[in-house]
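Have a look at the structure below, then the notes.
Quick caveat, the model's predicted, so the values are computed rather than measured. Protein chains get the first letters and strands the later ones, always in sequence-line order, with residue 1 at the start of each.
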Protein chains: 2
Amino acid sequence: MAGKKLKVESCNCTIIHNEVVDDVKKGMPQEETLYDLAELFKVFGDTTRIKILYALFQAEMCVCDIAALLKMNQSAISHQLKVLKQARLVKYRREGKVVYYSLDDNHIKQIFDQGLVHIKEKS
Amino acid sequence: MAGKKLKVESCNCTIIHNEVVDDVKKGMPQEETLYDLAELFKVFGDTTRIKILYALFQAEMCVCDIAALLKMNQSAISHQLKVLKQARLVKYRREGKVVYYSLDDNHIKQIFDQGLVHIKEKS
DNA sequence: TAAACATATGAACAATTATTCATATATTGA
DNA sequence: TCAATATATGAATAATTGTTCATATGTTTA
């Protein structure tokens with residue numbers, strides 16, 4: 001309506017550095033990009049999925065193999081593979097009853113390696 | 001006690017590729033490393049924190065600035081900055097009443113850039 | 001076609017977590 | 001010392017999510 005606020009008053013502080021804020025705002029990536037990026041890292045933010053990906057760095061494996069490797073039940077692995085599939089991180093091929101999963105991305109390892117550098121520096 | 005199972009029977013499948021599983025197991029990083037890596041990515045797996053980090057790529061900012069930029073209240077930002085601080089991703093300096101936050105890691109940008117490459121390839 | 005097996009999936013549950021609200025702490029200046 | 005302001009934080013709440021269980025789907029072989 002007529003009296004609609006133009007600016008959401010969400011910070012109760014007297015903003016000190018308007019210029020900085022405006023400049024930074026212009027330099028921010030698109031909202032959608034930031035959302036997608038967070039979604040991607042969310043996928044990496046689970047030990048089970050990290051383990052699956054590290055396993056697949058080494059070899060193509062079927063669901064049962066992964067379950068045995070991680071000592072988890074088949075259902076849990078299958079659910080997580082679905083998440084990885086949706087994020088386009090793994091692909092699969094069927095051979096009879098068996099479904100083989102493998103990596104579908106060359107950047108994952110690099111991302112992980114950079115992550116490890118951070119961890120080692122800060123520990 | 002005496003009858004303790006040596007192997008947890010968590011996968012109900014007949015394991016097909018024992019050799020692959022054993023080899024992969026040997027090549028897996030330490031449990032703790034994988035856990036830490038997942039914890040790091042968990043920090044990146046939130047839009048608000050991603051935004052804060054992207055903001056800090058550009059400039060040092062105080063809590064109020066960030067709150068104004070993201071149109072979120074000061075408390076929410078402060079909580080998230082705490083998470084980023086604990087992960088050693090940001091550092092801060094106090095100047096009177098104002099606390100300025102800035103990046104404490106050079107790898108973040110590279111990790112994010114690789115993430116963006118993945119997103120763009122797959123969209 | 002039926003049995004056996006590998007995988008997928010929906011529902012339920014427990015655990016984690018982001019945000020809000022209220023309030024505490026810390027610093028400055030009057 | 002008191003008021004004002006910036007930031008931090010504990011508790012509560014709502015939403016998300018990982019795992020399990022039960023069961024469905026799909027494939028092979030007898």
From C/dT28, D/dG18, C/dA6, nucleotide with atom closest to A/Q80 side chain: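 Nearest to the side chain of A/Q80 among the choices is D/dG18.
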Closest listed nucleotide, where the reference is the side chain of B/C64 and the choices are D/dT7, C/dA8, C/dA6: D/dT7
Roughly how many Å is it from [atom1] in [X] to [atom2] in [N], rounded to a whole number?
{"X": "B/K97", "N": "C/dT25", "atom1": "NZ", "atom2": "C1'", "answer": "14 Å"}
{"X": "B/F41", "N": "D/dG18", "atom1": "CZ", "atom2": "C1'", "answer": "19 Å"}
{"X": "B/K71", "N": "C/dT19", "atom1": "NZ", "atom2": "P", "answer": "16 Å"}
{"X": "B/R94", "N": "C/dT27", "atom1": "CZ", "atom2": "C1'", "answer": "6 Å"}
{"X": "B/F44", "N": "C/dT17", "atom1": "CZ", "atom2": "P", "answer": "16 Å"}
{"X": "A/H17", "N": "D/dA6", "atom1": "NE2", "atom2": "C1'", "answer": "11 Å"}
{"X": "B/L81", "N": "D/dT7", "atom1": "CG", "atom2": "P", "answer": "10 Å"}
{"X": "A/N73", "N": "D/dT23", "atom1": "CG", "atom2": "C1'", "answer": "14 Å"}

Contacts of type side-chain hydrogen bond (donor to acceptor under 3.5 Å, both in side chains), residue [X], not counting sequence neighbours:
{"X": "B/D105", "result": "A/H118"}
{"X": "A/E39", "result": "A/K42"}
{"X": "A/H17", "result": "B/D65, B/Y100"}

Is a side-chain donor or acceptor of A/R49 paired with a backbone partner of A/V43 at a separation under 3.5 angstrom?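 Checking the backbone N and O of A/V43 against the side chain of A/R49, a donor-acceptor pair under 3.5 Å is found.
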Is the backbone N or O of B/G96 less than 3.5 Å from a side-chain atom of B/R94, with the two atoms forming a donor-acceptor pair by type?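 Checked: pair present.
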If the cut-off is 4.0 Å, is B/Y92 near the phosphate of D/dA6, judged by side-chain N/O to OP1 or OP2?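 B/Y92 to D/dA6 OP1/OP2: no side-chain N or O under 4.0 Å.
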How would you list, by chain and number, every residue that makes a ring-ring contact (aromatic ring centres under 6.0 Å, His included) with B/Y101, sequence neighbours excluded?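 B/Y101 satisfies ring-ring contact (aromatic ring centres under 6.0 Å, His included) with B/Y92 once adjacent residues are dropped.
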Scan for salt bridge (Lys or Arg N to Asp or Glu O under 4.0 Å) pairs involving residues 26-35 of chain A, sequence neighbours excluded, and state none if there are none.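 As it turns out, the salt bridge (Lys or Arg N to Asp or Glu O under 4.0 Å) pairs with a partner in residues 26-35 of chain A, which skip direct neighbours, are A/E31-B/K51.
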Under the salt bridge (Lys or Arg N to Asp or Glu O under 4.0 Å) rule, what pairs show up with a residue in residues 114-123 of chain B, not counting sequence neighbours?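 Salt bridge (Lys or Arg N to Asp or Glu O under 4.0 Å) check on residues 114-123 of chain B returns A/D104-B/K122.
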For a quick check of understanding: with a heavy-atom distance under 4.0 Å over all strands, which category does B/Y101 fall into, base, sugar-phosphate or nothing? sugar-phosphate
What's touching nucleotides 9-11 of chain D from the protein side, N or O pairs under 3.5 Å?
residue	atom	partner	partner atom	Å
D/dT9	O4	B/S75	OG	2.5
D/dG10	O6	B/H79	NE2	2.8

Where along residues 45-52 of chain B does a heavy atom come under 4.0 Å from DNA chain D, residue by residue in number order? none
Map A/K42 and A/I77 onto DNA chain D by nearest heavy atom, then report which one ends up closer to the 5' terminus. A/K42
Can you name the residues that form a salt bridge (Lys or Arg N to Asp or Glu O under 4.0 Å) with A/K85, not counting sequence neighbours?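 With sequence neighbours excluded, A/K85 shows a salt bridge (Lys or Arg N to Asp or Glu O under 4.0 Å) to no residue whatsoever.
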